[in-house]
Amino acid sequence: MELFNSASGKNITFVRPAYFIISGFIGIPNMKYYYVFLFFVYVVSVLGNTAVMAVIYLDHNLQTPKYIAVFNLAFVDLIGSSALVPKVLDIFLFNHYNIPYGDCLTFLFFCYTCLSMQALNLVALSYDRLIAITYPLHYQVKVTHRFMFSLIASFWIFVIIAVLTAVGLTTRLSFCKSVVVNSYFCDHGQIYRIACNDIFPNRVIGYLLPVLILWFPITFILFSYLYIGRALAKVATVQERLKAFRTCTAHLSLVAIYFIPILITFTMAEKIHPNARIINLSLTSVFPPMLNPIIYVLQTQEIKVSVKKILQLRRKSRIMVK
C-alpha cells in the first residue's frame, strides 16, 4: 500500500488540492475561433460515428468480425469526443478553469482510455487485414466473431487497468507548490510533474503508457503491413495485388491520421513552442474521431452499398406511407 501513499510512515504533510487549474489555451490570441472550430469538429464527429454505428447495426451483412472492430472504433471515437470537447469548451470558452480534484482524475481516465483504445482498435483491424490477405482460405476459421469480441474485450480490460493504475498513482501525489496544469485537459504527465513528493512511480507509468498504447501498436501495424507486402509480392498479377491492397486503404488512412501527428509532436516536443504543442495535441485528439467515419464511408465498398440500401428502403417506406 505504500506505493499509493508516499507519506506513509514519514513526517510529510500530504496536500490534496480542492481543484486544478487548466491553463493550456490561456494567453493564446484569437482562440475563440478555434473553439468554434472544435465545436464544428465535435458535431461532425458525433453525427459521423453515430451514422457508422447505425449502419453496422441495421445491416446484417456488415455484422462480421471486421465490422465489430469498426463499430467499436466508432463507439470509442464517439465517447472520446464527448468526454473531451464539451469539457474543453466549458473550461476555456466559459472561463471555468478550476476543475475539482475528483472531476480532473475522472476526466483524465476517460480521455486516456479512449485515446488508448483508438490505437488498439487499429491493431485489431490490422490483424484482420493481415489474416485476410496472407491466409485467405483460413480467414473465417481464424477471425471469428468470438475471436474478435475476445480481442476487443481484452484490449478494453488491459487499457482500463493501465489507466486506472496511472490514476491510482496520481492520488498518492502531494501538491504543495502548484495546481496549474499546462495542458488543455487533465494530462497525467503535466499533473505529476507539479507534485512536490516522490514522483518516481508516476514517471515510470508515464514512460510505460506511451510504449504500451503508442509504440507497441504502431510497431505491430508496421510489421503486419511488411508481411502483407511480402505476401502481395508473390501474387501473380498486378491487378490482384491492387485489388487486395485496396481493402487496406481505409485502415492505412486511419493509421496515418492517428499516428503521424502524435509521433511528430512527441519527437519534436523540445523544439516546438508549448502553445503549438498543446494545439497540435488537441488537434490529434479531435481530428481522428471526425475523419474516421468519413474515411470508412468513402473508402469502404461494403458500407457504401449498405448506406445506399438503407436510403432506398427509407424512400420506399415514405412512398408507401404517402
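All values below come from the heavy atoms of this structure, side chains included, with hydrogens, waters and symmetry mates left out.
- If you take CG on Leu122 and CG on Asn292, they are separated by 7.0 Å, rounding to the nearest 0.5 Å.
- The hydrophobic cluster containing Val159 does not contain Phe216, counting ILVMFWY residues as joined when their side-chain heavy atoms lie under 4.5 angstrom apart, directly or transitively.
- Counting only N and O atoms by type, the side chains of Asn197 and Arg172 include no donor and acceptor under 3.5 Å apart.
- Going from atom CD1 of Ile21 over to atom CD1 of Ile91 covers 12.0 Å, rounded to the nearest 0.5 Å.
- For Thr247, the side-chain hydrogen bond (donor to acceptor under 3.5 Å, both in side chains) test picks out Arg129, with sequence neighbours left out.
- Put simply, the side chain of Tyr34 does not reach to within 4.5 Å of the side chain of Phe92, judged on heavy atoms.
- Remark: His138 NE2 is loosely packed, at most 12 non-hydrogen atoms of other residues, nucleotides or ligands lying under 6.0 Å away.
- Looking at Phe20 and Tyr97, their side chains never come closer than 4.5 Å, going by heavy atoms from C-beta outward.
- Looking at Val143 and Tyr135, their side chains never come closer than 4.5 Å, going by heavy atoms from C-beta outward.
- Phe220 meets the ring-ring contact (aromatic ring centres under 6.0 Å, His included) test with no other residue; sequence neighbours excluded.
- Using a 4.5 Å heavy-atom cutoff, the side chains of Tyr42 and Leu89 are not in contact.
- Sorted by first and then second residue, the ring-ring contact (aromatic ring centres under 6.0 Å, His included) pairs involving residues 188-207 (not counting sequence neighbours) are His188-Tyr192.
- Formation of a donor-acceptor pair under 3.5 Å by the Thr50 side chain with backbone atoms of Leu47 is not found in this model.
- Nearest approach of Ser45 to Asp77, heavy atoms of both residues: OG-O, 4.3 Å.
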Exercise for review: Go through the steps for Cys104 and Cys186 under the test disulfide bond (SG atoms under 2.5 Å apart), then give the verdict.
Suggested key: CA-CA 6 Å; Cys104 193; Cys186 292; 2.0 Å; yes
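- Put simply, the side chain of Val167 reaches to within 4.5 Å of the side chain of Leu108, judged on heavy atoms.
- Within 6.0 Å of CD in Gln140 there are 12 or fewer heavy atoms belonging to other residues, nucleotides or ligands.
- Summarising the geometry, atom SG belonging to Cys176 is positioned 14.0 Å from atom CZ belonging to Arg16; distances are rounded to the nearest 0.5 Å.
- Asp103 and Tyr101 share no side-chain donor-acceptor pair at under 3.5 Å.
- Nearest heavy-atom pair, His145 versus Gln63, reported as atom, atom and distance to 0.1 Å: NE2-O, 2.7 Å.
- Applying the side-chain hydrogen bond (donor to acceptor under 3.5 Å, both in side chains) test to Tyr258 and every residue at least two apart in sequence or in another chain returns nothing.
- Interatomic distance, Ser178 OG to Ile191 CD1, rounded to the nearest 0.5 Å: 11.5 Å.
- The minimum heavy-atom distance linking Gly189 with Tyr112 is given by the pair N-OH, 4.1 Å.
- How far CZ of Phe110 is from CG of Leu105: 12.5 Å, rounded to the nearest 0.5 Å.
- Ring planes of Tyr184 and Phe25: parallel class, angle under 30° (limits at 30 and 60°).
- Under a hydrophobic clustering in which Ile, Leu, Val, Met, Phe, Trp and Tyr are joined whenever their side-chain heavy atoms come within less than 4.5 Å, directly or via other members, Leu222 and Tyr127 fall into the same cluster.
- With sequence neighbours excluded, the residues that form a side-chain hydrogen bond (donor to acceptor under 3.5 Å, both in side chains) with His251 are Tyr225.
- Take Thr134 and apply the side-chain hydrogen bond (donor to acceptor under 3.5 Å, both in side chains) test, not counting sequence neighbours, and it matches no residue.
- The shortest distance between side-chain heavy atoms of Val52 and Phe71 does not fall below 4.5 Å.
- A heavy-atom distance below 4.5 Å is not found between the side chains of Lys142 and Phe147.
- Taking each heavy atom of Ile28 and Ile279 in turn, the nearest pair found is CD1-CD1, 4.2 Å.
- Inter-residue side-chain proximity for Phe185 and Ile278 is flagged as unmet; no heavy-atom pair is nearer than 4.5 Å.
- Closest approach of Pro201 to Leu169, counting heavy atoms only: O-CD1, 3.8 Å.
- Summarising the geometry of Asn275 relative to Gly24, their closest heavy-atom pair is OD1-O, 4.3 Å, with the distance given to 0.1 Å.
- To the nearest 0.5 Å, atom CG of residue Leu252 and atom CD1 of residue Ile257 are 11.0 Å apart.
- Using a 4.5 Å cut-off between side-chain heavy atoms of Ile, Leu, Val, Met, Phe, Trp and Tyr, with links allowed through other members, Val211 and Val163 fall into the same hydrophobic cluster.
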